[in-house]
Amino acid sequence: MDSMTFVLFGATGDLAKRKIFSALYNLFLDGKMPNSFSIIGLGRREWSDYTFQIHVEQSIKTFSRRSINNSLKMEKFLDAFRYCSLDVTEYEGYKKLLETIERREEQLGLPENRIFYLSVAPEFVDVITSNIKDSGLSSKKGWKRLIIEKPFGHDLKSALELNEKLSRTFEEEEIYRIDHYLGKPMVQNLEGLEFSNPVLKAFMNNQYIANVQITASETVGVEERSDYYDQAGAIRDMFQNHLLQLLMVTAMHLPNKLSAREVGNEKRRIMEFLRPLGNKGVITDVIRGQYVSGEIDGRPVVGYKEEPGIENSSTNDTFIAARLWIDDALWSGVPFYIRTGKRMKEKLTRVVIEFKNPLKDLNMLQHDVMTPNLLVIQISPNEGVSLQLNMKNPLTNQIEPISTEFSASPKNVPEAYELLLFDALRGDSTFFTHWKEVELSWRWVQPILESFEENSLPLHPYRSGSMGPDASYELLQEDGFNWWDL
Ligand code: BG6
C-alpha cells in the first residue's frame with residue numbers, strides 16, 4: 001500500500017470522534033495502514049497538535065471496538081497526527097495547510113499521495129474542493145483521492161450540480177462516496193455468498209423467488225438532528241441511498257469479475273431496469289408514515305410532532321415502505337418490498353428472500369401447513385445467514401420449518417468504516433457509490449419527493465414501538481404476502 005497523507009476536514013466533529021479515528025486505529029493495529037503515513041486534522045477551533053492527539057486518543061478509548069492495551073503502539077499511532085486550524089471558506093488558510101502537509105511529507109519521506117476526507121456539512125463541499133484545486137493541494141506528482149459523506153445532494157437537480165462542481169477538481173475514479181451500508185461486512189459478503197454457493201445463484205431468479213423484503217428499522221427517533229431530519233425525512237436519509245444500495249447489491253447479477261467497474265456496471269443495470277413509478281406508482285406503491293407516541297423497550301416516548309425542534313404541523317416522513325419492480329429477465333414479476341423507519345420495534349437491517357411455494361400454485365392442501373423456504377440475510381446488528389427449510393418432525397408427524405444458521409457477534413467483526421477506509425487507502429472503489437448510481441437513485445425517487453412536497457400522499461401515523469403503519473402491511477397483502485417479522 002502506498003505511503004500517503006490523510007487530510008481530514010471536520011476533524012473536531014462527531015463522525016471523526018465516533019467512527020473515523022477508531023477505524024484508522026484498528027487498521028493500524030491490524031497492520032493495514034501504509035508503512036509511513038501522516039494525518040492532518042482540520043477544524044475551526046484553535047487547537048495545538050497535542051490537544052488534537054489527546055482528543056483522538058480519548059475518542060478511541062470511548063468508541064473503538066478494541067481497547068487500548070499497548071500504549072507504545074498508541075503513541076506511535078498518535079505521532080502521525082497533526083492539527084491545523086482552518087476556516088474552510090478562506091482561501092489563505094489553504095496555503096498554510098499546504099505548507100504543513102509538505103513539511104510532514106519531507107520529514108517522513110512521503111510521496112505526494114493525498115486523500116482528502118470531507119466530513120463536513122454538504123454546503124461546504126463545493127468551496128473546499130475549489131480551494132483544494134486553487135491552492136495547489138491536489139498535487140500532480142502523486143495520486144489524489146476525495147472521500148465524501150452523504151447526503152449527496154438534496155434532489156436530482158442539486159446532486160447534478162454538486163457532481164458537476166466536484167468534477168472540476170476530481171476525476172470520477174478519484175471520488176469515493178461513502179454509503180456506510182456498503183461497508184457493513186454482511187453487505188460486502190453478499191456477492192461472495194452467491195459466488196461461492198452456486199446453489200444460491202441457481203435459485204436467485206423469478207422462477208423460484210416469490211418476493212424479496214428489505215427492512216432497515218431503527219428504534220431511535222429524530223434525536224438532536226431535527227433541523228436536518230425534518231428537511232430530509234426517511235426518503236432522503238435512508239431510502240434514496242442505503243436502501244436502494246441494498247436493493248442493488250441484493251438483486252445485481254453476478255459479474256464475471258468482482259472488480260469495481262464490473263460491480264458498478266451490474267448495480268447500474270439494476271437501477272436502469274427499475275420500473276419508474278410515475279405519479280400513479282407513487283400512489284399505489286409507496287406508503288408514507290410518521291410516528292406517534294408509544295413505547296420503546298418498555299419506555300414511553302413522544303410522537304414526532306412533540307419532539308424538540310419539530311413543528312406540530314410537520315408532514316415529514318419518518319417511515320417509508322415501497323413496492324419495486326425490476327423489469328429484467330431475471331427478476332421480472334418478483335416484487336421487492338422495502339421499508340425503513342425511525343422509532344420502530346427493533347433495530348435491525350435484514351433481507352428476506354421468500355421462495356415460491358409450488359404447492360400453493362397447484363392449489364394443494366398441504367401448502368397451508370408449510371412455511372415457504374426463506375433465505376434470511378441479517379446485516380446488523382448481528383450478522384448471519386439462515387436458510388429455512390421444511391421437514392417432517394418424527395415425533396409429531398407434522399411438517400415444521402427448520403433453519404440452518406450461521407451468525408457472528410458484532411464485537412469480532414470490523415466496522416463499516418474500517419473496511420471502507422482500507423479500500424480507499426488502497427484505491428479500491430468497489431464498495432463506494434458511483435455517480436451513475438447516485439443519479440439513477442435520485443431520478444427514481446424524484447416523483448416521491450414531489451408528492452411528499454405537495455402532500456398528495458396520505459401520511460399514516462404509526463405507534464412508536466410498532467413495525468410501521470397498517471398500510472405497509474396491506475401493501476404486501478394486496479399481492480398475497482406478509483412482512484416476515486421474524
Ligand atoms: C445514517 C442516517 O446514514 O444512518 C441516520 O443519517 C441513521 O439517520 C443511520 O440512524 C443508521 O445507520 P446504522 O448503521 O445504525 O443502521
Side-chain angles (χ1 to χ4, degrees), residues 10 13-20 22-23 63 65 118-122 147-154 159 176-190 214-247 249-250 289-291 296-297 301 304 307 309-310 314 316-320 338-351 377-384 408-411 413-421 431-433 437-438 441-442 445 464 467-468:
D14 208 50
L15 186 75
K17 182 168 79 183
R18 286 173 188 277
K19 301 284 182 193
I20 302 173
S22 300
F63 295 106
R65 71 185 166 92
L118 271 47
S119 172
V120 295
I147 304 180
I148 44 172
E149 290 284 336
K150 74 170 240 286
F152 199 86
H154 189 70
Y176 292 70
R177 295 179 194 82
I178 288 205
D179 183 309
H180 78 279
Y181 270 54
L182 291 179
K184 293 187 188 264
M186 200 61 212
V187 174
Q188 300 207 343
N189 199 1
L190 277 173
I214 305 178
T215 300
S217 59
E218 297 190 85
T219 51
V220 292
V222 60
E223 299 185 294
E224 282 88 45
R225 304 159 78 209
S226 56
D227 281 355
Y228 154 75
Y229 193 80
D230 204 45
Q231 298 300 314
I235 181 78
R236 292 183 173 91
D237 186 48
M238 296 285 291
F239 193 97
Q240 178 271 335
N241 35 71
H242 305 324
L243 273 296
L244 285 182
Q245 283 292 334
L246 286 182
L247 172 84
V249 286
T250 306
Q290 190 184 74
Y291 63 83
I296 300 277
D297 297 330
V301 293
Y304 182 70
E307 296 274 18
I310 305 293
S314 171
N316 191 33
D317 50 303
T318 64
F319 174 96
I320 175 165
I338 296 184
R339 63 179 167 172
T340 182
K342 300 264 185 214
R343 283 282 188 245
M344 291 172 69
K345 186 167 161 235
E346 53 185 329
K347 166 81 185 158
L348 66 87
T349 307
R350 175 165 65 203
V351 179
I377 299 159
Q378 298 280 6
I379 292 167
S380 67
N382 291 320
E383 299 218 309
S409 135
K411 272 259 166 272
V413 174
E415 284 210 27
Y417 274 88
E418 275 172 65
L419 295 177
L420 292 175
L421 283 182
F431 291 107
F432 291 81
T433 308
E437 296 156 27
V438 180
S441 305
W442 278 121
V445 301
S464 288
M467 280 308 274

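Atoms within a ligand are numbered from 1 in the order they appear, just like the ligands themselves.
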Undergrad: Is any side-chain heavy atom of Tyr181 less than 4.5 Å from a side-chain heavy atom of Leu246?
TA: yes
Undergrad: What residue and atom, counting heavy atoms only, is the protein's closest point to atom 14 (O) of ligand 1, and at what distance?
TA: Lys184 NZ, 2.6 Å
Undergrad: For atom 15 (O) of ligand 1, find the nearest protein heavy atom and state the residue, atom name and distance (0.1 Å precision).
TA: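 Closest protein heavy atom to atom 15 (O) of ligand 1: Lys347 NZ, 2.8 Å.
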Undergrad: Is His242 close to ligand 1, meaning an N/O of one under 3.5 Å from an N/O of the other?
TA: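 It does: an N or O of His242 is found under 3.5 Å from an N or O of ligand 1.
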Undergrad: Within 45° of the six-membered ring axis of Phe152 and under 6.0 Å from that ring's centre, is NZ or CZ of Arg177 located there?
TA: yes
Undergrad: If we count only N and O atoms by modelled type, under 3.5 Å, do the side chains of Tyr291 and Glu307 hold a donor and an acceptor together?
TA: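 Note: Tyr291 and Glu307 side chains meet the donor-acceptor criterion.
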Undergrad: Below the 3.5 angstrom mark, is there an N/O of Lys150, backbone or side chain, next to an N/O of ligand 1?
TA: yes
Undergrad: Applying a heavy-atom cut-off of 4.0 Å, say which part of Tyr229 lies close to ligand 1: side chain, backbone, both or neither.
TA: neither
Undergrad: Which residue holds the protein heavy atom closest to atom 16 (O) of ligand 1, what is that atom called, and what is the gap in Å?
TA: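 Nearest neighbour among protein heavy atoms for atom 16 (O) of ligand 1, to 0.1 Å: Tyr181 OH, 2.5 Å.
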Undergrad: In terms of residue, atom name and distance, what is the protein heavy atom nearest to atom 6 (O) of ligand 1?
TA: Asp237 OD1, 2.6 Å
Undergrad: Any atoms of ligand 1 less than 4.0 Å from a non-hydrogen atom of Glu218? List them with their elements.
TA: 7 (C), 10 (O), 11 (C)
Undergrad: Under a 4.0 angstrom heavy-atom cut-off, which atoms of ligand 1 come close to Lys342?
TA: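 Heavy-atom distances to Lys342 below 4.0 Å select 5 (C), 7 (C), 8 (O), 10 (O).
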Undergrad: Flag His180 as yes when one of its N or O atoms lies below 3.5 Å from any N or O atom of ligand 1, and as no otherwise.
TA: yes
Undergrad: With no hydrogens and no angle check, do the side chains of Arg339 and Thr215 hold a donor and an acceptor under 3.5 Å apart?
TA: yes
Undergrad: Checking side-chain polar atoms at under 3.5 Å, does Asp179 have a donor or acceptor matched by the opposite partner on Thr433?
TA: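 Checked: Asp179/Thr433 side chains show no N/O donor-acceptor pair below 3.5 Å.
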Undergrad: When rounded to the nearest 0.5 angstrom, what distance separates OG1 in Thr318 from CE in Met344?
TA: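 Those atoms lie 9.5 Å apart.
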Undergrad: Are Lys342 and Val220 close enough that some pair of their side-chain heavy atoms sits under 4.5 Å apart?
TA: yes
